[in-house]
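Here is the structure we will look at.
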There are 2 protein chains.
Amino acid sequence: MDERTNLINELIVDIYNDIMKIEGEAFRTGQFKDVSITEVHTIEAIGMFELKSMSEVARTLRITVGTLTVATNNLVKKGYAQRYRSESDRRVVKLGLTKKGRLIFRMHSKFHAELVKSMTQILTDDEIDILEKALSSLNVFLKNKYFSEKSE
Amino acid sequence: MDERTNLINELIVDIYNDIMKIEGEAFRTGQFKDVSITEVHTIEAIGMFELKSMSEVARTLRITVGTLTVATNNLVKKGYAQRYRSESDRRVVKLGLTKKGRLIFRMHSKFHAELVKSMTQILTDDEIDILEKALSSLNVFLKNKYFSEKSE
DNA sequence: CTTAAATACTTTGATAATCAAAGTATATAT
DNA sequence: ATATATACTTTGATTATCAAAGTATTTAAG
């Protein structure tokens, strides 16, 4: 691994650790002390707009549906999310956010927007394209890795 | 949030989730079934070269020393790490990797090198500089955010 | 139509990672 | 010599996670 690769690698590791910690603390110390970072990510995966089924949300988060059931129980209890039965297929549970849940969603979006802005504000438009290209390429690489392992 | 910001944001979230899952499974399904991704990160933080104190490793990982004590107990039990007493200050515990621990370290480094390579191989040298600039800027932003919250 | 198989979710029991607070041993300062 | 600070460990509680078993509903097969 050459020096430059190494530097980029160290940046990624450091950024990864920092994001984990900052996200966790932002909520624990703020207005919404009762919501963990994992719960915020679940709220993010449920989304603001259409209702999503348990299976869909679990797939997005790459967790089992059983884990999501437990998480959903807590989110419902705390008043961030709601369960709905699908009319067309009564086995299916649809999830949606409450007003309080949508507030968390917006706060978290803002944090993410800040992250992106901190990177892009020092770059020109052309440079932003390059950043996007690099991230896309990483994403494709990871998807191949993930799905080839699971032979899907 | 404009469309471009949004796309970069979605890429980051998706990459983040994928890395978490892939890292976890790479070890769980491979040769070293008894080591979790958190343990791999601890091994990474201990490092290949000089010994590191408990406090140093905990600070790198942004976890409490108590949590690290528990983690270290397990790593020692499984034969990945070793505890040493500092001669100069007998309160201090130094951590180092065993042969088996260093093997994990190298495997994990390889995974990270692949990540970086997947991004950089489609970029020119100048473009890699831009990527590095963007990541550095994000890193600085996160550090400011982290340390200003803790008022250090 | 009835039954079997598949699907969508929930429940349960076990394990890992985490923190805060209390405890132990050693070092430093008064 | 004693008090305070530091470095670590232990303990008790909480959260996130999975696999496996269980429930309800739908789809397929006979």
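Chain letters run A, B, ... following the sequence lines, proteins first, then strands; residues in each count from 1. Please read all numbers here as calculations on a predicted model, not as lab measurements.
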| request: Identify whether any heavy atom of V93(A) sits under 4.0 Å from a base atom; if not, whether one sits that close to sugar-phosphate; answer base, sugar-phosphate or nothing. | output: sugar-phosphate
| message | For a quick check of understanding: with a heavy-atom distance under 4.0 Å over all strands, which category does I63(A) fall into, base, sugar-phosphate or nothing? | response | sugar-phosphate
Could you tell me whether the side chain of [Y] reaches within less than 4.5 Å of the side chain of [X], counting heavy atoms only?
X	Y	answer
I19(B)	Y16(A)	yes
R62(B)	D18(A)	yes
I128(A)	I8(B)	yes
V35(A)	I104(A)	yes

Measure the distance from [atom1] on [X] to [atom2] on [N] and round it to the nearest whole Å.
X	N	atom1	atom2	result
M54(A)	dA24(D)	CE	P	17 Å
L51(B)	dC8(D)	CG	P	13 Å
L61(A)	dT15(D)	CG	P	18 Å
D89(A)	dA6(C)	CG	C1'	12 Å
D34(B)	dT15(C)	CG	C1'	14 Å
I37(A)	dT17(D)	CD1	C1'	16 Å
E56(B)	dA7(D)	CD	C1'	12 Å
L68(A)	dT15(D)	CG	C1'	15 Å

What's the closest nucleotide to the side chain of [X] if the choices are [options]?
X	options	value
R91(B)	dT17(D), dA25(C), dT10(D)	dA25(C)
E39(B)	dA17(C), dA8(C), dT26(C)	dA17(C)
T64(B)	dA8(C), dA20(C), dT10(C)	dA20(C)

Verify whether one side chain among [X] and [Y] offers a donor that lies under 3.5 Å from an acceptor in the other.
X	Y	result
T64(A)	T67(A)	yes
N9(B)	R4(B)	no
S136(B)	N139(B)	no
D89(A)	S86(A)	no

| field | Nucleic acid contacts - residues 79-87 of chain A versus DNA chain C, non-hydrogen atoms under 4.0 Å | value | R83(A)
Report yes if at least one side-chain N or O of [X] is closer than 4.0 Å to OP1 or OP2 of [N]; otherwise report no.
X	N	result
T67(A)	dT17(D)	no
T38(B)	dA17(C)	yes
N73(B)	dT10(D)	yes

| query | After noting the C-alpha distance and the side-chain angles of E50(A) and K94(A), does the key distance pass the salt bridge (charged side-chain N to carboxylate O under 4.0 Å, His left out) rule? | reply | CA-CA 9 Å; E50(A) 342 77 60; K94(A) 293 281 189 177; over 6 Å; no
| query | the helix from dC1(C)-dG30(D) to dT30(C)-dA1(D): angle between its terminal axes, five pairs each, to 10°? | reply | 10°
| With a 3.5 Å cut-off and just heavy-atom distances, do the side chain of R90(B) and the base of dT26(C) make a donor-acceptor pair? | no
| request: Assign each of S88(A) and S36(A) to its nearest nucleotide of DNA chain D by heavy atoms, then name whichever residue's nucleotide is nearer the 5' end. | output: S36(A)
| Please, which pairs that meet ring pair (Phe, Tyr, Trp, His ring centres under 6.0 Å) have at least one residue in residues 86-109 of chain B, sequence neighbours excluded? | H41(B)-H108(B), H108(B)-H112(B)
